Asker: 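One structure follows; several queries about it will come next.
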Amino acid sequence: MSDLKNDRFLRALMRQPVDTTPVWMMRQAGRYLPEYRATRARAGSFLDLCKNPDLACEVTLQPLDRYPLDAAILFSDILTVPDAMGLGLYFAEGEGPKFERPLRSEADIRRLAAPDPEQALGYVSAAVRVIRKALDGRVPLIGFAGSPWTLATYMVEGGASKEYAHVKGMLYDRPDLLHQVLAVTADAVTAYLNSQVSAGAQALMIFDTWGGILSPQCYREFSLQYMARIVDGLTREAQGRRVPVVLFTKGGGQWLEAMAETGCDALGLDWTTSLADARRRVGRQVALQGNLDPCVLYASPERIRAEVARVLGEFGAGPGHVFNLGHGIHQHVDPSHAGAMIEAVHDLSPAYHG
């Protein structure tokens with residue numbers, strides 16, 4: 001699409017030459033920003049903020065108004081999909097997301113159905129349209145969803161977990177039931193992401209937050225194969241341009257080759273994986289996104305700059321790198337430290353693109 005004023009993020013995902021390494025941050029619209037906290041207070045609750053397209057647009061644009069970022073990411077939550085499947089999402093103060101009706105019985109699992117994204121999740125498509133109009137071509141807009149495995153952990157556990165007793169118990173004892181949950185959820189996520197593309201999302205990201213808790217065999221069977229199924233079903237061209245897809249498994253550095261085989265365009269890396277090693281292994285096949293430890297942003301601006309230099313040096317010269325944190329920015333980070341990171345990327349990375 002020719003109306004993009006800054007397309008270096010999309011070009012980097014396609015491993016095309018850029019002048020500067022593009023940079024954005026996971027959770028860039030979030031609680032570390034005072035303006036976000038003010039808008040969330042006006043909305044009344046996190047879910048009300050997600051479900052109000054105008055306010056979702058407002059918070060999506062806040063980090064772009066503060067920093068020279070190279071991409072916007074839709075403000076939403078990965079748990080909108082299970083919420084639309086009737087599990088009753090709510091947020092308990094200080095405890096994070098919970099579901100009123102977790103999937104514990106065979107009967108509940110057999111009843112599970114993929115929702116129509118335009119009806120049950122129409123507020124997300126509406127937000128994408130509002131954000132695209134407000135961006136007016138400044139930077140591309142990223143749409144996203146959670147991976148089926150990650151969503152299933154919340155759907156079966158009923159919330160966040162440390163031991164994953166229910167979902168892993170099901171994995172080993174009744175894998176047929178877990179596969180049913182994952183298959184329905186994969187269909188739901190595919191339709192949901194395609195609805196985001198129809199509404200105007202220009203790149204897609206699949207967050208597999210809990211893939212790293214699985215054994216190698218279980219990762220392939222219960223996480224990766226369903227992400228591959230989604231990638232196969234996605235709209236990959238819209239408005240005359242390719243819609244790149246990024247897969248991110250937190251703690252998934254050992255499986256990069258298998259992830260690259262899914263047909264995605266890029267892999268997100270957390271900070272536990274060497275960018276140089278990842279580039280040697282899969283860099284001819286996919287672009288790489290990452291991978292500064294988010295805790296670096298608690299350090300001084302000088303130290304942040306040195307760590308940015310190290311990450312850029314690890315990837316080295318040439319296209320195919322999107323600079324990002326290795327996971328979401330922490331809520332207590334000083335916003336000026338995020339600014340120092342972005343400034344360092346823009347100052348230091350042109351030397352790698354000549």
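Please read these numbers as outputs of a predicted model, since none were measured by experiment.
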Asker: Indicate every side-chain donor-acceptor pair of residues 317-329 with a distance under 3.5 Å to a residue at least two apart or in another chain.
Answerer:
| residue | atom | partner | partner atom | Å |
| --- | --- | --- | --- | --- |
| H321 | NE2 | G290 | O | 2.9 |
| N324 | OD1 | M26 | N | 3.0 |
| N324 | ND2 | W24 | O | 3.4 |

Asker: Any Lys/Arg nitrogen of R110 or E106 sitting under 4.0 Å from an Asp/Glu carboxylate oxygen of the other?
Answerer: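 Yes.
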Asker: Check the pair R42, T39 against side-chain contact (heavy atoms from CB on, under 4.5 Å), reporting the backbone distance first and the verdict last.
Answerer: CA-CA 5 Å; R42 269 183 24 238; T39 306; 3.9 Å; yes
Asker: Could you list the residues that satisfy side chain to side chain contact (heavy atoms under 4.5 Å, CB included) with P17, not counting sequence neighbours?
Answerer: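 Expected list: R11.
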Asker: Salt-bridged, R281 to D277, with N to O below 4.0 Å?
Answerer: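 Yes, this pair counts.
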Asker: Taking atom types as modelled, is there a side-chain donor on S76 or Y123 under 3.5 Å from an acceptor on the other?
Answerer: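 Their side chains do not contain a donor-acceptor pair, so the 3.5 Å distance test is not met.
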Asker: Should D48 and R40 count as an ion pair when the cut-off is N to O under 4.0 Å?
Answerer: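 A salt bridge is absent here (no side-chain N lies under 4.0 Å from a carboxylate O).
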Asker: Any donor and acceptor pair, going by atom type alone, linking the side chain of D265 with main-chain N or O of A287 inside 3.5 Å?
Answerer: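 Not confirmed, D265 side chain does not pair with A287 backbone.
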Asker: Just by distance, with hydrogens left out, do E261 and Q285 show a side-chain donor and acceptor under 3.5 Å apart?
Answerer: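 Present: a donor and an acceptor within the cut-off.
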Asker: Step by step, would you call V139 with L69 a side-chain contact (heavy atoms from CB on, under 4.5 Å)?
Answerer: CA-CA 8 Å; V139 292; L69 292 156; over 6 Å; no
Asker: Just checking, is any N or O donor in the side chain of D187 or T190 under 3.5 Å from an acceptor N or O on the other one?
Answerer: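 Note: D187 and T190 side chains miss the donor-acceptor criterion.
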Asker: When you measure from the side chain of D7 to the backbone of L10, do you find a donor-acceptor pair of N or O atoms at a distance under 3.5 Å?
Answerer: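 The answer is no, because no donor-acceptor pair under 3.5 Å joins these two groups.
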Asker: Work out which heavy atom in A145 is nearest to a heavy atom in Y192; give both atom names and the distance.
Answerer: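 Result for this residue pair: CB-CD2, 4.0 Å.
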Asker: Is a side-chain donor or acceptor of K168 paired with a backbone partner of I213 at a separation under 3.5 angstrom?
Answerer: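 Yes; judged by distance alone, with no hydrogens or angles, the pair exists.
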Asker: For the atom pair CG (L13) and SG (C264), what is the distance rounded to the nearest 0.5 Å?
Answerer: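 Going from the CG atom of L13 to the SG atom of C264 covers 10.5 Å.
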Asker: Would one find more than 12 heavy atoms of other residues, nucleotides or ligands at under 6.0 Å from atom CZ of R31?
Answerer: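 Open.
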Asker: Look only at the side chain of T235 and the backbone of E237, and say whether a donor-acceptor pair between them is shorter than 3.5 Å.
Answerer: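 No; zero donor-acceptor contacts below 3.5 Å.
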Asker: Which heavy atom of L61 sits nearest a heavy atom of L135, and at what distance?
Answerer: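 Shortest heavy-atom contact: CD2-CD2, 3.5 Å.
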Asker: I'd like to know if the side chain of H353 pairs up with that of T20 as donor and acceptor (distance under 3.5 Å, no hydrogens or angles considered).
Answerer: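 Note: H353 and T20 side chains miss the donor-acceptor criterion.
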Asker: Are the side chain of R101 and the backbone of G86 linked by a donor-acceptor contact shorter than 3.5 Å?
Answerer: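 Yes; at least one donor-acceptor contact below 3.5 Å.
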Asker: Restricting to non-hydrogen atoms, name the atom on Q202 and the atom on P140 that form the minimum distance, rounded to 0.1 Å.
Answerer: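 So the minimum-distance heavy-atom pair works out to OE1-CA, 3.4 Å.
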Asker: Are K250 and D270 close enough for a salt bridge, meaning some N to O gap below 4.0 Å?
Answerer: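 Looking at D270 together with K250, the answer is no, because their closest N to O distance does not fall below 4.0 Å.
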Asker: Is the distance from the ring center of Y219 to that of W255 below 6.0 Å?
Answerer: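 So the answer is yes for these two rings.
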Asker: Counting only N and O atoms by type, is there a donor-acceptor contact under 3.5 Å from the side chain of R236 to the main-chain atoms of R242?
Answerer: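 No; zero donor-acceptor contacts below 3.5 Å.
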Asker: Hey, is the main chain of L269 close enough, under 3.5 Å, to the side chain of T273 for a donor-acceptor pair?
Answerer: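 Side chain of T273 to backbone of L269, a donor-acceptor pair under 3.5 Å: no, none is there.
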Asker: State whether the side chain of Q196 and the backbone N or O of A201 hold a donor-acceptor pair below 3.5 Å, judged by distance alone.
Answerer: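 It does not hold such a pair.
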Asker: Per the side chain to side chain donor-acceptor pair (under 3.5 Å) rule, what does the pair list look like for residues 151-162, sequence neighbours excluded?
Answerer: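 Listed by first then second residue: Y154-W210.
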Asker: Do the side chains of E307 and R310 get close enough for a salt bridge, i.e. N-O under 4.0 angstrom?
Answerer: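 Salt bridge flag = yes for R310 with E307.
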Asker: Donor-acceptor pair, D70 side chain versus V23 backbone, under 3.5 Å?
Answerer: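 Side chain of D70 to backbone of V23, a donor-acceptor pair under 3.5 Å: yes, one is there.
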Asker: Are any non-hydrogen side-chain atoms of Y226 and T185 less than 4.5 angstrom apart?
Answerer: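 The answer is no, as the side chains (C-beta and beyond) never meet within the 4.5 Å cut-off.
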Asker: Do the ring centers of F75 and Y36 come within less than 6.0 Å of each other?
Answerer: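 Yes: the rings meet the under 6.0 Å criterion.
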Asker: Taking the side chain as C-beta and beyond, is there a heavy-atom pair between E100 and L87 under 4.5 Å?
Answerer: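 Heavy-atom side-chain distance check fails, nothing below 4.5 Å.
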Asker: Between T209 (side chain only) and T150 (backbone N and O only), is there a donor and an acceptor less than 3.5 Å apart?
Answerer: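 No; zero donor-acceptor contacts below 3.5 Å.
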Asker: Distance from L214 atom CG to D208 atom CG, nearest 0.5 Å?
Answerer: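 Those atoms lie 8.0 Å apart.
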Asker: What's the verdict on salt bridge (Lys or Arg N to Asp or Glu O under 4.0 Å) for R66 and E35, showing C-alpha distance, side-chain angles and the deciding distance?
Answerer: CA-CA 10 Å; R66 189 185 267 263; E35 56 267 41; 2.9 Å; yes
Asker: Are Y298 and H332 close enough that their ring centres sit under 6.0 Å apart?
Answerer: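 No; H332 has its ring centre 6.0 Å or more from that of Y298.
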